[in-house]
Colleague: 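First the structure, which I've put down as C-alpha cells, then a few questions once you've had a look.
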Amino acid sequence: MTRVVTILSVDKGGIKAGCDRSACEGCKGSLFCRGRNSEFEVANPKGIALETGDVVEIDMPAGRTILASAMSLVFPLCCFLVGMLAAFAAAPERELLQLGCGMAGLAIGFAISSVYFHFTKRKYTPTIDRKLEK
C-alpha cells in the first residue's frame, strides 16, 4: 500500500508525517474518521534528505497492514470469545459471569496486542520510498 504524505517534522527522535487531506476526498467515512488529523512516524532507510513540508511517497506492504489489523482487532475479539466459552463451560447458567469473562478476555487481548506492538513497532513502521516534487 502506497500513500502520499507530508513531512511534519524531522528531528533526531524520528520523522513525523501526516496524510494529505486530498486522499480523504469523497470518502463516506469522513464524518467519523480521525485519520485526517493523524500524525505518525515513518522510517527513512534510504537516507533521503528531508525537510519539514516535503511531500513523500511511503510504502506499507499489504501483508503487514493485514497482520497489524488482525493483531489490533481480531486477536482481542478472539480472546473475548475464549473468555466467554471458558465461562460457559464452567457455568452454563450464569450469563453475567460469561459476559464478565468475555470482557476480561477482551481486555487481556488488547493488553497483549499493545505489548506486541510496543516491541515490534519498527516492523510496522511505513518506509519512505521517494521524495516527490512540491
Side-chain angles (χ1 to χ4, degrees):
M1 175 176 93
T2 60
R3 168 108 20 183
V4 175
V5 299
T6 303
I7 301 299
L8 301 176
S9 67
V10 180
D11 57 20
K12 292 181 182 180
I15 301 169
K16 300 281 185 185
C19 292
D20 185 14
R21 289 182 185 246
S22 66
C24 298
E25 288 177 11
C27 177
K28 302 299 181 204
S30 62
L31 291 175
F32 57 87
C33 179
R34 292 178 20 212
R36 290 182 290 173
N37 298 324
S38 68
E39 182 178 301
F40 52 92
E41 191 170 327
V42 293
N44 188 8
K46 296 178 182 177
I48 300 169
L50 298 170
E51 296 176 1
T52 301
D54 284 345
V55 178
V56 297
E57 185 177 80
I58 61 170
D59 180 51
M60 180 76 169
R64 286 187 187 164
T65 304
I66 292 169
L67 181 61
S69 298
M71 191 63 190
S72 298
L73 303 170
V74 176
F75 179 73
L77 289 175
C78 288
C79 290
F80 174 81
L81 185 62
V82 167
M84 284 209 46
L85 291 175
F88 179 76
E93 68 285 341
R94 298 190 60 197
E95 290 141 358
L96 195 56
L97 176 67
Q98 294 167 19
L99 178 63
C101 288
M103 295 304 283
L106 185 67
I108 291 168
F110 278 121
I112 291 171
S113 179
S114 176
V115 169
Y116 172 77
F117 282 117
H118 177 75
F119 288 109
T120 60
K121 183 179 178 181
R122 290 225 185 268
K123 180 179 178 181
Y124 296 101
T125 303
T127 58
I128 298 172
D129 274 348
R130 63 189 175 109
K131 184 176 176 178
L132 303 174
E133 297 298 320
K134 289 186 181 180

Colleague: Hydrophobic clusters here meaning ILVMFWY residues chained together by side-chain heavy-atom distances under 4.5 Å, can you tell me if Met103 and Met84 are in one?
Modeller: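 The answer is yes; both residues are in one hydrophobic cluster.
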
Colleague: Check side chain to side chain donor-acceptor pair (under 3.5 Å) between Glu57 and all other residues, then give those that pass, not counting sequence neighbours.
Modeller: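 Glu57 satisfies side chain to side chain donor-acceptor pair (under 3.5 Å) with Arg130 once adjacent residues are dropped.
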
Colleague: Which ILVMFWY residues can you reach from Met60 by hopping between side chains whose heavy atoms are under 4.5 Å apart?
Modeller: Leu67, Met71, Phe75, Ile108, Ile112, Tyr116, Phe117, Tyr124

Colleague: Give me the atom names and distance for the closest heavy-atom approach of Pro76 to Leu73.
Modeller: CD-O, 3.4 Å

Colleague: Provide the full list of salt bridge (charged side-chain N to carboxylate O under 4.0 Å, His left out) pairs with a residue in residues 107-121, sequence neighbours left out, each pair given once.
Modeller: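 Non-adjacent pairs meeting salt bridge (charged side-chain N to carboxylate O under 4.0 Å, His left out): Glu41-Lys121.
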
Colleague: Suppose we screen for side chain to side chain contact (heavy atoms under 4.5 Å, CB included). Which residues come up paired with Pro92, at least two apart in sequence or across chains?
Modeller: Phe88

Colleague: Only counting residues at least two apart or in another chain, list the ones meeting side chain to side chain donor-acceptor pair (under 3.5 Å) with Arg94.
Modeller: none

Colleague: Who passes side chain to side chain contact (heavy atoms under 4.5 Å, CB included) against Ala43, sequence neighbours left out?
Modeller: Pro45, Thr125, Thr127

Colleague: Could you walk me through whether Leu106 and Leu77 pass side-chain contact (heavy atoms from CB on, under 4.5 Å), step by step?
Modeller: CA-CA 6 Å; Leu106 185 67; Leu77 289 175; 4.2 Å; yes

Colleague: Once you round to the nearest 0.5 Å, how far does CG of Leu50 lie from CG of Asn44?
Modeller: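 That separation rounds to 5.0 Å.
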
Colleague: When you measure from the side chain of Glu51 to the backbone N and O of Val10, does any donor-acceptor pair fall under 3.5 Å?
Modeller: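 Between the backbone of Val10 and the side chain of Glu51 there is no qualifying donor-acceptor contact (under 3.5 Å).
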
Colleague: Check whether any side-chain N or O of Ser69 sits under 3.5 Å from a backbone N or O of Thr65 as a donor-acceptor pair, and report yes or no.
Modeller: yes

Colleague: Testing the basics here: between Cys79 and Gly105, what is the closest heavy-atom pair and its distance to 0.1 Å?
Modeller: CB-O, 3.0 Å

Colleague: Quick check on the hydrophobic clustering: are Val42 and Leu8 connected, directly or via other members, by side-chain heavy-atom contacts under 4.5 Å?
Modeller: no

Colleague: Could you identify which residues cluster with Leu85, counting Ile, Leu, Val, Met, Phe, Trp and Tyr as linked when any side-chain heavy atoms lie under 4.5 Å apart, either directly or through a chain of such contacts?
Modeller: Leu81

Colleague: Determine the minimum heavy-atom distance between Asp54 and Ala49, stating which atoms define it.
Modeller: OD2-O, 4.1 Å

Colleague: Output every pair passing salt bridge (charged side-chain N to carboxylate O under 4.0 Å, His left out) with a member in residues 75-86, not counting sequence neighbours, ordered by first then second residue.
Modeller: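 Applying salt bridge (charged side-chain N to carboxylate O under 4.0 Å, His left out) to every pair that reaches into residues 75-86, excluding sequence neighbours, yields nothing.
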
Colleague: Compare all side-chain heavy atoms of Val56 with those of Ile48 and state whether any distance is below 4.5 angstrom.
Modeller: no

Colleague: Would you mind listing the cluster partners of Val74? Hydrophobic ones only (ILVMFWY), side-chain contacts under 4.5 Å, chaining allowed.
Modeller: none

Colleague: Cluster partners of Phe119, using ILVMFWY side-chain heavy atoms under 4.5 angstrom, listed by chain and number?
Modeller: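 In the cluster with Phe119 are Val115.
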
Colleague: Return the minimal non-hydrogen interatomic distance between Ile58 and Pro126, and the atom names on each side.
Modeller: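 In terms of heavy atoms, the two residues are closest at CD1-CB, 3.9 Å.
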
